[in-house]
Amino acid sequence: MTDVIRFEKKNGIGVITINNPPANAMNFEAKKGVSQYIEACMQDDACKAVVITGEGRIFVAGADISEFGKKTPDGVPELEDLIQEIENSPKPVVAAINGLALGGGMELAMGCHYRLALPTVKVGQPEVNLGFIPGGGGTQRLPRLAGVELALEMIVTGKPIDANRALEAGAIDDIVEGDLLARAMEFATEQANSNQEPRRTCDQNEKVMNVDPKIFEDWRTRISRKSRNMESPFECINTVEASTKMDFKAGLENEREVFVRLRDSDEGKSMRYMFFSEREAAKIPDIPKDTKTQEIKKSAIIGSGTMGGGIAMNFANAGIPVVVVDVDKIALEAGLEKVRDNYAGSVSSGRITKENMDNCLSLITGTTNYKDIEDVDIVIEAVFEDMDLKKKIFAELDAVCKPETILASNTSTLNINEIASATERPDKICGTHFFSPANVMKLLENVRTEKSSKETLATIMRLAKIIGKTGVLVGIGDGFVGNRMLHISARIAEFMVEEGALPWKIDKVIYEFGFPMGPFAMNDLAGVDVRFLIRQEQKKLYGSRRQSVIIDRVYETGRYGQKTSAGWYKYGDGSRKGEPDQIIEDLIVKTSAELGYERRKFSDEEILETYLYSMINTGAQVLEEGLAARSSDIDVIWHYGYGFPRYWGGPMFYADLIGLPEVYKKVCDLNKKYGDWVKPSSLLKRLAEEGKGFKNL
Ligand SMILES: NC(=O)c1ccc[n+]([C@@H]2O[C@H](COP(=O)([O-])OP(=O)(O)OC[C@H]3O[C@@H](n4cnc5c(N)ncnc54)[C@H](O)[C@@H]3O)[C@@H](O)[C@H]2O)c1
C-alpha cells in the first residue's frame, strides 16, 4: 500500500486518512491508496462503514495539477471514477472535513454520503482560476446539494465559502465542535446500524428541478466583461445549467468532455502556468529559503502624495503601524485627507466596514519631523522623482533611523545604487516599486541594488506577502522590468499613431486582446505630463533614435489626461470614460503631415503584433541583462502590474505559444521600421534558431 494514505479500523469503522502534505492533494498515489482501502472495506464484513478525513489542517486542497498531462499509471483510478465508486458504495461513507476542501477535495466530500465539518472549514471549487471546470462531478453534485445559485457563485467565481454558509445551503450536513473524527465515526455507526441505503448525492434531484433558466443568463451577463475571451467561466455556467436539464449520468459525461477540452486548451495551460509562476517568483535563486528576515513591526513612508498615501494604506490594512512624513503640515494634511477619503469610499461601497476603516486609520499617523521615525523597522521613500532630493532624504534617514532599519525607495526610474551611496548602510538599501493605485495594484517590484544584503531582500519579499502583494525581485535598469517594456511598446504605439492609426483603434485592439485598457487610456490615467517627462529624460539616453513627436504635441495642449478631463480622449464631467475627440484626431493628422508621413491603414492584427512583439523583445533583453531572474517573473509582473490577461499567461508565455521563430521574424521586421527601439534580442534570436522557447531556459 502507500505512505500518503493511512488506514485503521476501529469498532467496525474503516478510517481512511489522507496524509499527503502540504496540501493533501489527490495525486496518483493518494487516489490509488483511497481506492484500495475503500475496496478492502467493501470486502471486509467486519467493516460496517467508512470515514474519510485529512491529516493536519487541510482535508484535500484539490487534485494534483502538476500531474495534468501525465499518463495515469496502471491501477490508479481517475478521481471522478474513484468518487463514483465511493458514491456507489453500499456501506455508508462519511467525510470528516477537518480543513480546507477545495476542487477535487470538495468533490470527494460530495461523493461521500454525508459530510461533517469543523467550524473553521472552508469549501470551494476554485478550478475556474486555473482555466478549467470541476471535473470530478462538482458541477453536478454541488447544485444538487447547495442549490443552483450558490453552486454558480462558487464554481463561476472560484471563491470558497465558510462552514456556516455551507451548512445553511446543504453542502455539508453538520458542524462539529470538538472531536470531529470521533463524531464522524459515531455518525457512521448510526448510519450503518440504521439499515437504510446510504444517501447518495446523485439521487438528490429536488434542487435541480424546475430551475428558472434566467438565472444562467443573468450570470452570463454578469461575467461578460470581466471574462471576455475566456471559456472556462462560461463553461462553469453551462455545465451547472446542464445539471438542471440532463440526468446525472449524462451531466457527468458532459462535464468530463468539457473538463478535458479546457484542461488541454491554451487557456487552461496559461492559467496553470501563471499559478506555478507566482509561486516560483517567491523563490530567489541565490537567497535560500531559510534566510533570516527582519521583523516589520512599525513602518514609515516619506511623502504623502499619490503613491505615499496608497503605500501607507497597505501597511495599515496589514495591521502594521505606519508613520507618514511630509515636508509641511499642508502637504501632510492633504495627503492624509486623501487616505481618509479613500477608506470612506471603501466603506460606502461596502468593501470594508466602518470598524475596519477606524482600525486602519488608527494605525496611520502623520508628522513633519524625521525624529518621529527613528524606531521604525522599514522606511519607504515616495517623494518627487529627483535624485538630489532622494539622496538628501536618505542621508537624513540614515542619521535618524536605528542601524537595522531598511530604507527603501519607490523610485520608478532613478538608480538606487546612487541613492544608497548617500548612506552608511548600503546593505539595508533597496527598492520597493509599487504600482498605482498603490493600495489596489497587486504587484510589488522589489529592487536589488549592488549591495542589498540577502537578509534585506528576503525581508522585502516577505513583506510583499504580508501586505498582500505579489513580490517579484528585479535588478536596477531603466524602468526596471515592467516600465522598461511598457515604455517601448507605448512609444511604438505612438509611432503607429503618427503613421496612420488612431489611439482609440489601438486601445480597442489591446482591450479586445484582454488588457483592462490600451496604452492611451492608460496614459490618460497616469498622466500625459508624466509620460512626456519620462520621454524628456530618455531623450538624453536615446537621443539618436526616432522620438515620438505626438506625445510632445498632446502635452503642449495642456491635456494631461483624466486629471484635466482631457488627454488622448475627452472626458465628460467627472467621468472616467474617455470619448474619442476630433481635436486629437486633427492634431494627429497635422503631426503626421509635419513629419512627412502619408497616413496608412493599420489592421488589428498589425497593431496587436507590433505592440506585443516589441514588448516581448524588450522582455528578452531584460532577461539577457539579468534584470529578471526568469521569464515567468516577467509574466507575473505583466499580469499583476499591467493586467496582461492571465489566460494568455503573460508576454513571454504568449511568445512561446506563438512560437519564437515567428516572433523573431516579426521583431526583425519591426527593427527595420523602428530601429534600435526594437533591436532583436540575441537571446530571442538564439532560442528561435534552436527551435526552443523561453520555457526551456
Ligand atoms: N505616480 C505613479 O504612478 C508612480 C508609480 C510608481 C512609482 N512612483 C514613484 O513614487 C515617487 C512618488 O511619486 P508620486 O506620484 O507619489 O509623487 P507626488 O508628487 O504625488 O508626491 C510626492 C510627495 O512627496 C512630498 N515630499 C517632497 N519632498 C519631501 C521631503 N523632503 N520630505 C517629505 N516629503 C516630501 C511632497 O510634498 C508630496 O506629498 C516617485 O519617485 C515616483 O517616481 C510613482
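Just follow the structure's listing: the first ligand is 1, and inside any ligand the first atom is 1.
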Legend entry - atom 32 (N) of ligand 1 [closest protein heavy-atom partner, distance rounded to 0.1 Å]: Tyr370 OH, 3.0 Å
Inset, instruction - Would you kindly specify which portion of Thr413 sits under 4.0 Å from ligand 1, judged on non-hydrogen atoms: side chain, backbone, both or neither? - result: neither
Inset, instruction - Under 4.0 Å, heavy atoms only, figure out whether ligand 1 is touched by the backbone of His433, its side chain, both or neither. - result: side chain
Legend entry - Geometric N/O contact Met307 with ligand 1, under 3.5 angstrom: yes
Legend entry - Other residues, nucleotides, ligands: >12 heavy atoms within 6.0 Å of Glu450 CD: no
Inset, instruction - State whether Tyr343 and Arg351 meet the cation-pi test: NZ (Lys) or CZ (Arg) under 6.0 Å from the six-membered ring centroid, and within 45° of the perpendicular axis. - result: no
Inset, instruction - Kindly confirm or rule out a cation-pi arrangement of Arg546 over Tyr674, judged by NZ or CZ under 6.0 Å from the six-membered ring centre and within 45° of its axis? - result: no
Legend entry - Between Gln294 and Arg462, a side-chain donor and acceptor under 3.5 Å: no
Legend entry - Sub-4.0 Å protein heavy atom next to atom 17 (O) of ligand 1: no
Inset, instruction - Indicate, as side chain, backbone, both or neither, the part of Ser436 found under 4.0 angstrom from ligand 1 when only non-hydrogen atoms are considered. - result: side chain
Inset, instruction - Report the part of Phe435 in contact with ligand 1, treating N, CA, C, O as backbone and CB onward as side chain, heavy atoms under 4.0 Å; options are side chain, backbone, both, neither. - result: neither
Legend entry - Test: Lys465 and Glu278 ion pair at under 4.0 Å: no
Legend entry - Where ligand 1 meets Ser304 - atom numbers and elements under 4.0 angstrom, heavy-atom basis: 39 (O)
Legend entry - contact_flag Ala526 ligand 1 heavy-atom lt 4.0 Å: no
Legend entry - Atom indices of ligand 1, in the order listed, that fall short of 4.0 Å to a heavy atom of Thr306: 15 (O), 16 (O), 20 (O)
Legend entry - Ring centre gap for Phe694 and Tyr654 strictly below 6.0 Å: no
Inset, instruction - With heavy atoms of Thr411 as the reference, note each atom of ligand 1 found under 4.0 Å away. - result: 41 (O)
Legend entry - Part of Leu389 within contact of ligand 1 (heavy atoms, under 4.0 Å): side chain
Legend entry - N or O pair under 3.5 Å between Lys390 and ligand 1: yes
Legend entry - Proximal atoms of ligand 1 relative to Phe434 (non-hydrogen, under 4.0 Å): 5 (C), 6 (C)
Inset, instruction - Enter the distance from Ser270:OG to His639:NE2 here, rounded to the nearest 0.5 Å. - result: 11.5 Å
Inset, instruction - Would you mind running through ligand 1 and noting each atom that sits below 4.0 Å from a heavy atom of Gly303? - result: 23 (C), 24 (O), 25 (C), 34 (N)
Legend entry - Distance-only N or O hit between ligand 1 and Ala331, under 3.5 Å: no
Inset, instruction - Can you pull out the closest protein heavy atom to atom 43 (O) of ligand 1? Residue, atom name and distance to 0.1 Å, please. - result: Glu385 OE1, 2.9 Å
Inset, instruction - Could you check atom 8 (N) of ligand 1 against the protein and tell me its nearest heavy-atom contact, residue, atom and distance included? - result: Ser412 OG, 3.2 Å
Inset, instruction - Using distance alone, with no hydrogens and no angle criterion, decide if Thr411 and Glu385 have a side-chain donor and acceptor under 3.5 Å apart. - result: yes
Legend entry - Nearest protein heavy atom with distance in Å, relative to atom 39 (O) of ligand 1: Asp326 OD2, 2.7 Å
Inset, instruction - Kindly confirm or rule out a cation-pi arrangement of Arg491 over Trp677, judged by NZ or CZ under 6.0 Å from the six-membered ring centre and within 45° of its axis? - result: yes
Inset, instruction - Decide whether Thr456 and Thr459 meet the rule of one side-chain donor and one side-chain acceptor closer than 3.5 Å. - result: no
Inset, instruction - Could you tell me if the ring centre of Tyr642 sits under 6.0 Å from that of Phe435? - result: yes
Inset, instruction - Considering only non-hydrogen protein atoms, determine which one is nearest to atom 27 (C) of ligand 1 and report residue, atom name and distance to 0.1 Å. - result: Phe384 CE1, 3.5 Å
Inset, instruction - Flag this pair as yes if the NZ/CZ of Arg279 is under 6.0 angstrom from the six-membered ring centre of Phe275 and inside a 45 degree cone about the axis; otherwise no. - result: yes
Inset, instruction - May I ask you to identify the nearest protein heavy atom to atom 21 (O) of ligand 1, giving residue, atom name and distance to one decimal place in Å? - result: Gly305 CA, 3.3 Å
Inset, instruction - Please write down residue, atom name and distance for the protein heavy atom closest to atom 35 (C) of ligand 1. - result: Val383 CG1, 3.4 Å
Inset, instruction - Would you confirm whether Gln547, through its side chain, and Tyr542, through its main-chain N or O, come within 3.5 Å as a donor-acceptor pair? - result: yes
Inset, instruction - Say whether Asn410, considering both its backbone and side-chain N or O atoms, lies within less than 3.5 Å of an N or O atom on ligand 1. - result: yes
Legend entry - Donor-acceptor contact below 3.5 Å, side chain Asp581 vs main chain Tyr569: no
Inset, instruction - Could you tell me the residue and atom name of the protein heavy atom closest to atom 30 (C) of ligand 1, and the distance to it rounded to 0.1 Å? - result: Val327 CG1, 3.5 Å
Inset, instruction - Run the contact test for Gly335 against ligand 1 with a 4.0 Å cut-off on heavy atoms, strictly below, and give the result. - result: no
